[in-house]
Amino acid sequence: MYDPLLDKDPGCNAPYPASYWAGQGQAEPGYPALQQERSADLVVIGAGYTGLNAARVLAGRFSQHVVVLEAHQPGWGCSGRNAGFVLKGTGRLGAVQLTERFGLETAQACYREYRQAFEQVATLCQKGAIDCQAQPPGYYKLAHQPRFLPLFEQQQQLLNQHFGEQLQYLSQAELQQTHLADQQACGALLDPDCFGLNPLQLALGYSRLAEQAGATIYGGSPVLGWQKQQGLHRLQTPQGSVTAKKVLIATNGYTPKDFHPLLNGRILPVQSSIIVTRPLTEHERSACGFRGQPIVMDTRALKYYYRLLPDGRLLFGGRGAIQGRHADKPRYTKALRSALEYSFPALAGIDIAYQWSGWVAVSLDDLPHLYQAPQDSSYAGVSYAAGYCGSGLSFSALAGQRLAELAMGQSIPNLPCYQRPLPAFPFARWRRLGQWLYYQWGRWQDKRH
Ligand SMILES: Cc1cc2nc3c(=O)[nH]c(=O)nc-3n(C[C@H](O)[C@H](O)[C@H](O)COP(=O)(O)OP(=O)(O)OC[C@H]3O[C@@H](n4cnc5c(N)ncnc54)[C@H](O)[C@@H]3O)c2cc1C
């Protein structure tokens with residue numbers, strides 16, 4: 001598997017991973033490769049949610065001549081292979097942590113932005129008639145240890161009083177009797193708005209919207225070389241090149257090694273892995289206490305997440321291997337299966353029909369960042385959005401728009417995630433060692449009562 005920390009070349013036109021989403025039978029988009037020398041006002045690198053939304057806004061609202069260069073096909077990265085949780089947040093800081101770090105007013109402003117992003121997903125789906133199999137809402141944050149229950153109460157109070165939310169606190173008995181019977185859960189916070197969808201359909205829908213707005217998308221066109229001549233950027237792909245004044249980097253967790261000085265050493269690509277079971281029988285569903293089609297995440301440092309899919313399968317995800325070359329080792333599937341069985345003993349030994357992994361971009365300060373290089377720097381004209389820390393489905397819809405606004409010289413909200421570049425990891429060469437140490441700590445922490 002491509003490893004962004006080690007590989008300088010992201011590959012070219014690889015098929016979509018054998019995920020449940022890619023197995024739903026929709027036609028692959030087949031965008032052609034760039035095969036000429038051409039110019040544009042702006043180039044967007046990467047056709048995930050961020051890049052496609054940026055391209056849509058640049059071409060539509062700002063009438064710019066935009067070219068999108070994607071190494072594979074739209075949604076090949078995280079955007080077409082995630083779990084499809086549409087959440088009101090991004091990064092690793094919830095409302096409580098945002099308030100602790102930045103104060104209530106700034107935390108509220110961040111939350112308004114996250115909420116706007118959440119709402120934008122539905123608006124875009126409606127506008128573009130994107131059928132992404134949205135499921136009925138209901139997002140459960142599960143406490144895997146009783147010590148998280150007081151934090152849940154604090155979260156519920158803060159969010160309901162100061163952030164306009166209507167979170168519901170569920171005791172263990174309420175949760176198990178009327179929502180889902182996860183044997184690991186000691187209680188839960190229910191957000192009645194968040195929901196699940198088919199992420200690949202969303203990405204393909206976004207690419208249609210970007211095209212309809214006037215952007216030109218090239219698949220199978222990895223940027224392999226980058227020169228700057230007389231204030232213009234020239235991006236080289238295997239069979240062509242584009243010259244433009246401005247470049248938006250939207251490669252996020254899939255950013256290749258040493259891709260651009262603005263991003264080098266500032267992202268830790270972390271693998272998240274998913275397994276999907278065969279459809280559960282009626283008996284199994286009721287043994288697991290599933291009502292509706294919940295989307296669920298727990299409080300572990302090394303989180304697990306799961307959701308019931310429209311055809312009754314259980315999607316279950318969590319931490320994957322540290323290195324790309326170990327992605328397909330059976331022990332990672334085994335670890336996810338044991339966690340699934342631990343939560344739902346009735347599913348012991350269930351067949352796993354799909355397994356895949358992807359790279360999420362973790363930032364040092366747990367926040368995403370949008371950044372534009374200053375006009376007087378050698379990187380003038382370059383901007384990026386990255387570091388969503390595994391929670392970017394909804395945020396990317398707005399981040400793409402903000403990135404476009406930034407590139408067009410418009411002002412964007414004055415929020416911590418838009419004020420500064422991604423902080424550099426200290427001893428960046430040793431990021432993987434730090435990750436391994438974090439995993440050891442996390443395992444210990446997650447067992448602690
Ligand atoms: C297993 C998994 C589960 C997840 N679940 C959720 C979830 O349920 N909810 C949620 O909110 N978030 C989730 N995420 C995170 C979410 O998917 C991402 O935050 C989001 O998709 C990021 O979108 P993006 O457009 O910024 O990046 P990506 O979708 O990763 O797009 C980057 C693109 O850049 C391309 N690229 C890279 N290098 C080059 C190059 N040199 N030239 C041209 N193209 C290049 C790649 O091919 C890729 O298509 C999950 C992630 C994973 C891996």
Side-chain angles (χ1 to χ4, degrees), residues 2 4 7-14 16-17 19 21 34 43-55 68-91 114 117-118 121 139 194-197 199-200 202-203 206-207 218-226 235-238 248-257 259-260 263 267 269-275 295-297 303 305-307 315 317-320 355-362 368 370 384-397 399-400 403:
Y2 163 63
D7 299 327
K8 290 191 171 185
D9 180 345
C12 181
N13 229 0
Y16 287 109
S19 70
W21 314 117
L34 172 70
V43 179
V44 176
I45 309 175
Y49 303 143
T50 306
L52 293 167
N53 277 292
V68 181
L69 297 175
E70 165 55 50
H72 306 283
Q73 289 292 322
W76 183 86
C78 263
S79 298
R81 61 177 85 193
N82 63 63
F85 286 29
V86 190
L87 305 175
K88 286 175 256 170
T90 183
Y114 298 168
F118 173 80
V121 175
Y139 167 53
C194 300
F195 60 98
L197 52 63
L200 179 56
L202 184 69
Y206 283 168
S207 72
Y218 291 104
S221 302
V223 173
L224 299 176
W226 188 325
L235 304 180
Q236 188 71 46
T237 65
L248 280 59
I249 308 177
T251 48
N252 223 329
Y254 283 78
T255 309
K257 182 177 186 208
F259 187 61
H260 193 278
L263 280 168
I267 293 174
V270 168
Q271 262 188 78
S272 188
S273 295
I274 287 178
I275 54 175
I295 64 171
V296 183
M297 184 142 17
K303 292 191 187 333
Y305 49 88
Y306 57 85
R307 62 181 274 207
L315 175 155
R319 178 181 66 86
Q355 179 276 329
W356 71 95
S357 303
W359 294 103
V360 307
V362 170
L370 265 72
Y384 66 75
Y388 306 164
C389 305
S391 184
L393 190 157
S394 45
F395 180 66
S396 52
L403 195 58

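First listed ligand is number 1; within each ligand, the first listed atom is number 1.
Note on residues 78-90: pairs passing salt bridge (charged side-chain N to carboxylate O under 4.0 Å, His left out), not counting sequence neighbours, are K88-E165, K88-D191, K88-D193.
For T90 (side chain) and S391 (main-chain N/O), a donor-acceptor pair under 3.5 Å exists by modelled atom type. Checked by atom type and distance alone, the side chain of S394 pairs as donor or acceptor with a backbone atom of L87 at under 3.5 Å.
Residues satisfying the side chain to side chain donor-acceptor pair (under 3.5 Å) test with S396, not counting sequence neighbours, are none. With sequence neighbours excluded, no residue forms a side chain to side chain donor-acceptor pair (under 3.5 Å) with Y384.
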Exercise for the section: Could you go through the ring-ring contact (aromatic ring centres under 6.0 Å, His included) check for W359 and Y2 one step at a time? Expected result: CA-CA 9 Å; W359 294 103; Y2 163 63; 7.6 Å; no
Starting from the N and O atoms of ligand 1, find every protein N or O within less than 3.5 Å and list the pair with its distance.
residue, atom, partner, partner atom, Å
ligand 1, 5 (N), A83, N, 3.0
ligand 1, 8 (O), G84, N, 3.3
ligand 1, 8 (O), F85, N, 2.9
ligand 1, 9 (N), F85, O, 2.9
ligand 1, 11 (O), G392, N, 3.0
ligand 1, 11 (O), L393, N, 2.8
ligand 1, 12 (N), G390, O, 3.2
ligand 1, 12 (N), G392, N, 3.2
ligand 1, 14 (N), G390, O, 3.4
ligand 1, 17 (O), C78, O, 3.4
ligand 1, 17 (O), N82, ND2, 3.1
ligand 1, 19 (O), G392, N, 3.3
ligand 1, 21 (O), S79, N, 3.3
ligand 1, 21 (O), S79, OG, 3.0
ligand 1, 23 (O), S79, OG, 3.2
ligand 1, 25 (O), Y49, N, 2.9
ligand 1, 25 (O), T50, N, 3.0
ligand 1, 25 (O), T50, OG1, 3.4
ligand 1, 26 (O), T50, OG1, 2.7
ligand 1, 26 (O), N252, ND2, 2.7
ligand 1, 29 (O), C78, N, 3.4
ligand 1, 29 (O), S79, N, 2.9
ligand 1, 29 (O), S79, OG, 2.5
ligand 1, 30 (O), C78, N, 3.0
ligand 1, 41 (N), V223, O, 3.2
ligand 1, 42 (N), V223, N, 2.9
ligand 1, 44 (N), A71, N, 3.1
ligand 1, 47 (O), E70, OE2, 2.6
ligand 1, 49 (O), E70, OE1, 2.8
ligand 1, 49 (O), E70, OE2, 3.2
ligand 1, 49 (O), G77, N, 3.3

